[in-house]
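Everything on this sheet refers to the single structure shown next.
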Number of protein chains: 2
Amino acid sequence: MQPRRATIADVAREAGVAASTASVVFSGKTPVSDATRARVMAAAAALGYTGPDPRAASLRRGRSGIVGVVFEEQLGAAFLDPVKTLMMDGLTAAVAPLGAGLLLLHDHAVLPEPAPGGSDAEFTHPSLTTAPIDAAVLIGCSPRLRESLDVLSARGIPVVVIEADAGDGVPQILLDNREAQRAAAEHVRDLGHARVVAVTLPLSAKASPGWHAPGAAITVDVTRDRLAGVRDVFPDAAAYAAGGSSIDEGLAAGRVLFADPAARPTAVLAQSDLLAAGVIRAAEEAGLRVADDVSVTGFDGVRVDGLAPYELTTLVQDAAAKGRAAGEAIAAMLDAKPPASIRLTCTFRRGNTTGPVPESGETAASRPVE
Amino acid sequence: MQPRRATIADVAREAGVAASTASVVFSGKTPVSDATRARVMAAAAALGYTGPDPRAASLRRGRSGIVGVVFEEQLGAAFLDPVKTLMMDGLTAAVAPLGAGLLLLHDHAVLPEPAPGGSDAEFTHPSLTTAPIDAAVLIGCSPRLRESLDVLSARGIPVVVIEADAGDGVPQILLDNREAQRAAAEHVRDLGHARVVAVTLPLSAKASPGWHAPGAAITVDVTRDRLAGVRDVFPDAAAYAAGGSSIDEGLAAGRVLFADPAARPTAVLAQSDLLAAGVIRAAEEAGLRVADDVSVTGFDGVRVDGLAPYELTTLVQDAAAKGRAAGEAIAAMLDAKPPASIRLTCTFRRGNTTGPVPESGETAASRPVE
DNA sequence: TTGTAGGCGTTATCAC
DNA sequence: GTGATAACGCCTACAA
């Protein structure tokens, strides 16, 4: 085993057949007689040959069987979001039939100075520029999205973008964020609510939490679109941007919202289930009864660990389907077929976290304690 | 751009140099005169050449720059665990200097019948058998661990195992689970507790939740070792196996533990922070005050989203360091150096979820309500 | 059904 | 500092 790994040529020689025949035995592309196959397999076993070297095969075929998934953030940050995780599952499933695996890639690996001859160790990092990928999936709405796209298209690598607008002819996987969020807004309006506040995802990659300034730019598509859905129904609704999508960020936002009993909203429309869970916790902290004193809606329809016994009123999206759709678009492109952009839709699901607007003066918080 | 991608030979011709020279310009392995470099770069730009084809390069070099990470479960299941996520971050960082990226691989992709000539579409899946990887990291303790190891070692691919015993000469990244858990047990013992119950991770891949049967086999190393730490101090402590590591599983376990006020423990040692968080929630549900009526410890030292204001008494492990250690072991092996197994240690951290054993009859639950 | 030939795009080696 | 040469290991026409 030490000397040198056996190659298919060795196996063929050992089996007394031509290399191409041995190759065909392994690829199965052409019928082979049982006797020949057996001889080849035996020879392979004898030599410890475990199959074609994927590196050589991919050079020859022009395909590596690897799809890159480009993240903006630390993987840790990305995968803590159940929606992205589900999406990865869907993507995994969708590329499996292609015989492809997923390679994790980072945005920031695109070096500012990719020119050769610079400092030695710097440009050896794997990246969009050098990864042996057949296609790539770009997720979300990084400020570097454009840059990544350019690098990949210069390499001639097909790309799919999930939940962001990439312009040109790049296929996208989109969600009906605005319409869906509007449905939730209509729901709380129909329940009689008027004092409504939106708790949003971040406005941009580096924005800090806080009330939206009037007219502030929102560079994150998802944030913008969902907020537009709220404003379709409540044009003047205030919006508070969370620092990310997590329970703790939602809790922080909720504390601000409920700080002043006189000015607090009767309904909170959060842009993710995790944020909604945090808002609910803040409501409990403030002595408010969810659904009775304050209604809360989420977005995503994921199972929030630890939220029981509440069941969120939310917009259910099929995150795995997003991944699958991306995988299918990739399959199409690798097949030189025109890839289709896809727009998935959310389903409104009423849970037990929304209820009729309380008559004023009737909330738990406004009643004298005990 | 349609006709054919330019190759380094095209660039060399255009620049009027030898292919090997052009290659060197891109790899930087050998000094090149500025003039030559400039000519080559110009030619490359003119032809739209974006750098060496990684497939060809990896064939030539015998390295793909890809490290496989083998999961047993759906990625979704794996990445929802913050510990694994952190570990991935550490691993990512550690392999970056190698110029390597991470390829996600599944256990179950090892086909029962890898023989060629079978049904066509079946054996095209990417897997341990065909992925173009330079090394692999196996995580946790799958029943298929052995099988995966065999496949990889037959291919001559170096392997590192995290938190499992792989026997032979496979380098491992281990944690002092037993000693660490023992420290927590000693802590609660010193606080006077005697009625102690362990809430453990699953006993095996397919075990269902419930009280440990006496003498039942524990195939998951982590579960076994941490429980041993508890038993070092409380030889007779009962143990309840959760169905996984999540808040909801901890909640379910906690409900069982606290169901009978007369028989409930005064301290619960959970094998993960998520489980501990669930137990805490169950305690609240049961009207128990955490730390006062019941002490709860966790394991991992991760930030549990939504657990505030509690700060768990727990064993802090550096999950990212596990990933880093694995990456370093890989680096060593790829360098033909002897890889070192590493044993990382946890640090005990006291939070506000443990307190002295309550005097009997003094708990909130036993007081009349009102 | 099996064998032959040629090249996929690169880079290590060594001579110049 | 640059160039010629020879693999790296495999696969796919095509011919037999």
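Every chain is numbered from 1, with letters handed out A, B, ... down the list of sequences. Owing to the predicted nature of the structure, the values given are computational and were not obtained by experimental measurement.
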Mind calculating the distance between CG (D34(B)) and P (dT2(D)) to the nearest angstrom?
10 Å
Give the nucleotide from the list dC11(D), dG1(D), dG9(D) with an atom nearest to the side chain of A57(A).
dC11(D)
Pick base, sugar-phosphate or nothing for T36(A), based on heavy-atom distances below 4.0 Å to the nucleic acid.
sugar-phosphate
Within the structure, does a side-chain N or O atom of S23(A) lie under 4.0 Å from either OP1 or OP2 of dC11(D)?
yes
With a 4.0 Å cut-off on N to O distance, would you call D134(A) and R55(B) a salt bridge?
yes
Within the structure, does a side-chain N or O atom of S33(A) lie under 4.0 Å from either OP1 or OP2 of dT2(C)?
yes
Checking contacts here: which listed nucleotide (dT10(C), dC11(D), dA4(D)) is nearest the side-chain heavy atoms of I8(A)?
dC11(D)
Write down the distance between CZ (R13(A)) and P (dG9(D)), rounded to a whole number of angstrom.
12 Å
Between dG3(D), dA12(C), dG9(C), spot the one nearest the side chain of V17(B), thanks.
dG3(D)
I want to verify a distance call: between dG9(C), dT4(C), dT12(D), whose nearest atom is closest to the D53(B) side chain?
dG9(C)
Earlier contact from the 5' end, DNA chain D, for P54(A) and A18(B)
A18(B)
Does the side-chain contact (heavy atoms from CB on, under 4.5 Å) test come out yes or no for I162(B) and L138(B), once each step is laid out?
CA-CA 6 Å; I162(B) 295 186; L138(B) 302 190; over 6 Å; no
Measure the distance from CZ on R63(B) to P on dA12(C) and round it to the nearest whole Å.
12 Å
How long is the line joining CG of L59(B) and P of dT11(C), in whole Å?
11 Å
Please tell me if the side chains of V161(B) and V159(B) come closer than 4.5 Å, counting only heavy atoms from C-beta onward.
yes
S64(A) (side chain) donor-acceptor with S58(A) (main chain) under 3.5 angstrom
no
Does a nitrogen or oxygen in the side chain of T21(A) sit under 4.0 Å from OP1 or OP2 of dT1(C)?
no
Start at the 5' end of DNA chain C and walk down; is the nucleotide closest to A35(A) or to T30(B) reached first?
A35(A)
Whole angstrom value for the distance that separates P of dC8(C) from CG of D10(B):
10 Å
Donor-acceptor contact below 3.5 Å, side chain S153(B) vs main chain G156(B)
no
note: R55(B), atom CZ; dT11(C), atom P; distance rounded to Å ~ 13 Å
Look at the side chain of R60(B) against the base of dT10(C) and say whether a donor-acceptor pair falls under 3.5 Å; ignore hydrogens and angles.
no
Would you confirm whether R39(A), through its side chain, and A15(A), through its main-chain N or O, come within 3.5 Å as a donor-acceptor pair?
yes
For the side chain of P31(B), starting at C-beta, report the closest nucleotide among dT2(C), dG9(C), dG1(D).
dG1(D)
Of dT12(D), dT4(C), dT11(C), the nucleotide closest to the side chain of R61(A) is dT12(D)
Touch check for S20(B), heavy atoms < 4.0 angstrom, all strands: base, sugar-phosphate only, or nothing?
base
Separation of atom CZ in F26(B) from atom P in dT2(D), rounded to whole Å:
15 Å
